[in-house]
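What follows is one structure encoded as structure tokens, with my remarks underneath.
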2 protein chains.
Amino acid sequence: MAEDTARTPEPAADPENACPVSPVVDLVFSRWTTPILWTLHQSGRMRFVELERRITTITPKVLTQRLRQLERDGLVTRAYYAEVPPRVEYEITDLGRSLAPLFAALSEWTPNMDKVEQARNSYDAAQRSRSRRA
Amino acid sequence: MAEDTARTPEPAADPENACPVSPVVDLVFSRWTTPILWTLHQSGRMRFVELERRITTITPKVLTQRLRQLERDGLVTRAYYAEVPPRVEYEITDLGRSLAPLFAALSEWTPNMDKVEQARNSYDAAQRSRSRRA
DNA sequence: CCGCATCCTATTCGATACTG
DNA sequence: CAGTATCGAATAGGATGCGG
């Protein structure tokens, strides 16, 4: 049996009690899924190597894992062509495309990262001066 | 020194090349941050124990870690009152509140979890029949 | 080309016990 | 009450090598 299945982590329905959107978060924002969905959403149908090239730092193993998971969750489809050499193409599904408003909201918030950066600098500066006093 | 700092993981700016929203994802959707922000957003200013009670399965250690991180990122504020017993209150900032549209988009997508559930069942069923054939 | 298997490491998380 | 310190367990992720 494989080391990892295609299953999403399933945090035992834990944080759900305080936060009804946690299942969606686990689905869409577990590690690497966002870049994958984003790329397939922007650039359309694409083969394995192409995805690998675009998401430069991902390893093939992890890319396979995430793609299987996304396939199981119905967010992408996998098409296998038994040619030589073999070809596999991935494409985002309608369900995956329905995440577009979510991604748009995400995009619209990115300018605020500047403020986050400022907040971090302030916080770190305050921490440093506190260390000196201690 | 503490085991963990308040810093966000910083995935070496990795998936960013293929996906400009990755920094925001790391900020808002790292583990436990969504339930915390959600709770503070819904129910307002709140003390430590109260948060602990609402997010039932989180441990105080991890809750502290995440709150420090969110404070550093400028998404929540921490107010300490040197009384006996001591009191600490956390509150979401304006920057944190500006995430509201994002959370709304998330909420609106939750009905689609049914389709995800169906997709998983189909996938698992197909897997099982494939196993039998092998 | 695609991707699975195996081994191994690093990070993270939880459990527990203890302070101001 | 609001944390911190320390330890141990689980898990994700990387490296490498092989197979269809």
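Because only heavy atoms are used, hydrogens play no part in the values below, and waters and symmetry mates are left out as well, while side chains stay in. All chains are named by letter (A, B, ...) in the order of the sequence lines, taking the proteins before the strands, and each is independently numbered beginning at 1.
- The nucleotide whose nearest atom lies closest to any side-chain atom of A:Arg66 is, among D:dG13, C:dG14, C:dC13, D:dG13.
- Atoms CD (A:Gln69) and C1' (C:dG3) sit 17 Å apart, rounded to a whole Å.
- One can place CD of B:Glu52 at 12 Å from P of C:dA15, the figure rounded to the nearest angstrom.
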Discussion item. Set out, in order, the CA-CA distance, both residues' side-chain angles and the distance that settles side chain to side chain contact (heavy atoms under 4.5 Å, CB included) for B:Asp73 and A:Arg120, then state yes or no.
Written reply: CA-CA 5 Å; B:Asp73 294 340; A:Arg120 287 175 179 169; 2.7 Å; yes
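- Not one side-chain nitrogen or oxygen of B:Arg68 sits closer than 4.0 Å to the OP1 or OP2 atom of D:dA2.
- Under 4.0 angstrom from either OP1 or OP2 of C:dC1 there lies no side-chain N or O belonging to A:Arg47.
- Ring pair A:Phe103/A:Trp38 is tilted by interplanar angle, where 30° to 60° counts as tilted.
- In this structure, B:Ile58 places its CD1 atom 9 Å from P of C:dC13, rounding to the nearest Å.
- At the heavy-atom level, B:Tyr90 lies under 4.0 Å from the strands shown only through sugar-phosphate atoms.
- Across all strands, B:Pro86 comes closer than 4.0 Å to base atoms (heavy-atom distances).
- Remark: the backbone N or O of A:Asp124 is not paired with any side-chain donor or acceptor of B:Arg72 at under 3.5 angstrom.
- Rounding to whole angstrom units, CD of residue B:Glu50 and C1' of D:dG3 are separated by 17 Å.
- In this structure, the CZ atom of B:Arg31 is 10 Å from the C1' atom of C:dT12, given to the nearest Å.
- Taking atom CZ of B:Arg78 as the reference point, atom C1' of D:dT4 lies 12 Å away to the nearest angstrom.
- Across the protein-nucleic acid pair, A:Gln65 atom CD and C:dG3 atom C1' stand 11 Å apart, rounded to whole Å.
- Nearest nucleotide to the A:Thr59 side chain, out of D:dC1, D:dG14, D:dG3: D:dG14.
- A donor-acceptor contact under 3.5 angstrom links the side chains of B:Gln69 and B:Arg66, judged on distance only.
- Residue A:Val28 forms a side chain to side chain contact (heavy atoms under 4.5 Å, CB included) with just one option from A:Leu70, A:Leu37, A:Thr33, and that option is A:Leu37.
- Atom NZ of B:Lys61 and atom P of D:dT6 are 11 Å apart (whole Å).
- The listed nucleotides are C:dC1, C:dC13, D:dT4; the one nearest the side chain of B:Thr64 is D:dT4.
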